[in-house]
Each structure stands twice: as C-alpha cells, then as structure tokens.
Amino acid sequence: DLSGKSTANTISSTYAAIAESYGASVTGVDDLNQTLELLLAGRIDATLNDEVTFYDYMKAHPDANLKVAALSDDPTLVCIPMRKGDETASLREAINGAIEELRDAGTLSEISEKYFGVDITNN
C-alpha cells in the first residue's frame, strides 16, 4: 500500500507512473543509485524498480539493508530496438535465434545467476 507514502524514481519512468497510480508521491531522481541512497537514508518510504536492477545492486552491495516487499505478476518486457522493415529482418531473426539457443543451453540462466545471484530468465 503506497497511499500517502513517498517514493523515488526517474520521473519519466513507468515505475514513477505506477507509484503515483497507487497514491505515492514521487521524487524525481537521475538513477537507481540516487533512489536507493534516499531509501537507505530514510528520506523515502519505498521505490518501485526493476527486479534485475535490484538484484544487480544487491550483488554489488550485499550488506545493504534493503528487501523486496512485493513482486508484480506482470513482467516488464525487455527488448532490443531496431528499425522496422526488411533491411533488419535477418538481424532480428539472428538475435531471436541466438537468444533461444542460449536459453535452451541454459546459458541465460548461468549468466543471470552469475551477475544477479538469481535466475531471472523465466520470470
């Protein structure tokens, strides 16, 4: 419940909009580090952010007094933007094929565990 609580997010992020939709007041910041500094200093109550960035931060700062209070069942999709059209079709197919090969071989899970400490590839 974020009603009446304060959060911090990059102001143009979807997370800021989500926090506001739940009744939080949002402080605009430049990046995740500023957000977490405000949280750790007690200047905000919470933050909504990407699970990947949180795990990345915690891997670098394992003693940080932070925890995940809730996870959304609605995944945030990640993409590799490229121009539409036939000129990028073969590149798109190659990227999609490489991702599937890495997933099937378990390499994506290994990379996730290595860099985030958890397997986020099936979320």
Side-chain angles (χ1 to χ4, degrees):
D1 184 11
L2 292 174
S3 182
K5 303 293 184 188
S6 60
T7 67
N9 290 92
T10 52
I11 204 65
S12 62
S13 77
T14 55
Y15 296 113
I18 293 168
E20 287 176 337
S21 77
Y22 285 109
S25 61
V26 177
T27 299
V29 295
D30 292 328
D31 58 32
L32 180 68
N33 285 332
Q34 286 181 330
T35 300
L36 296 178
E37 286 172 15
L38 290 173
L39 186 58
L40 288 166
R43 295 181 54 201
I44 60 171
D45 299 306
T47 184
L48 278 67
N49 262 287
D50 185 82
E51 184 180 6
V52 173
T53 57
F54 174 76
Y55 289 134
D56 186 44
Y57 181 87
M58 291 306 292
K59 182 143 178 130
H61 305 89
D63 296 329
N65 189 21
L66 298 171
K67 70 175 183 174
V68 173
L71 293 172
S72 172
D73 291 332
D74 299 326
T76 301
L77 301 177
V78 177
C79 65
I80 302 171
M82 61 184 74
R83 287 188 305 278
K84 288 183 180 182
D86 292 338
E87 67 186 51
T88 58
S90 64
L91 174 60
R92 184 175 52 256
E93 289 172 18
I95 290 171
N96 288 338
I99 291 171
E100 284 308 310
E101 285 178 27
L102 292 168
R103 183 184 314 280
D104 292 345
T107 306
L108 287 182
S109 294
E110 291 172 13
I111 292 169
S112 178
E113 289 282 350
K114 178 179 179 179
Y115 289 102
F116 304 118
V118 295
D119 183 3
I120 61 166
T121 63
N122 294 317
N123 294 344

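Please read these numbers as outputs of a predicted model, since none were measured by experiment.
- If you chain together hydrophobic residues whose side chains sit under 4.5 Å apart, Leu32 and Leu71 fall into the same group.
- In this structure, Leu2 and Thr7 approach most closely via the heavy-atom pair CD2-CG2, 4.4 Å.
- The CD atom of Gln34 sits 7.0 Å away from atom CG of Leu38, with the distance rounded to the nearest 0.5 Å.
- Thr35 places a side-chain N or O within donor-acceptor distance of the main-chain N or O of Asp31, the cut-off being under 3.5 Å.
- A distance of 11.0 Å separates CG in Asp45 from OG1 in Thr47, rounded to the nearest 0.5 Å.
- Within 6.0 Å of the CG atom in Asp104, the count of heavy atoms belonging to other residues, nucleotides or ligands exceeds 12.
- Note: Ile80 CD1 to Asn96 CG = 7.5 Å, rounded to the nearest 0.5 Å.
- When atom types are taken as modelled, the side chain of Thr88 and the backbone of Arg83 share a donor-acceptor pair closer than 3.5 angstrom.
- Inter-residue side-chain proximity for Asn9 and Ile18 is flagged as unmet; no heavy-atom pair is nearer than 4.5 Å.
- Grouping the Ile, Leu, Val, Met, Phe, Trp and Tyr side chains by contacts below 4.5 angstrom, directly or via other members, places Val52 apart from Ile99.
- For the atom pair Glu87 CD and Met82 CE, the distance stands at 11.0 Å (nearest 0.5 Å).
- Here the closest heavy-atom approach between residue Arg103 and residue Thr121 is recorded as NH1-O, 3.2 Å.
- Pairing each heavy atom of Asp119 with each of Ser109, the nearest pair is OD2-OG, 3.0 Å.
- The structure places OH of Tyr55 at 10.5 Å from CG of Asp50, a figure rounded to the nearest 0.5 Å.
- We find the CG-CG distance between Asn49 and Leu36 to be 7.0 Å, quoted to the nearest 0.5 Å.
- Atom CZ of Arg43 sits in a sparse spot, with 12 or fewer heavy atoms from other residues, nucleotides or ligands closer than 6.0 Å.
- The hydrophobic clustering, which links ILVMFWY residues whose side-chain heavy atoms are closer than 4.5 Å, places Ile95 and Leu102 together.
- The side-chain heavy atoms of Leu66 and Tyr57, taken from C-beta on, include a pair separated by under 4.5 Å.
- What you find for Lys5 and Asp1 is that their closest heavy atoms are CG-O, 3.9 Å.
- There is a path of hydrophobic side-chain contacts, each under 4.5 Å, that joins Ile120 to Met58.
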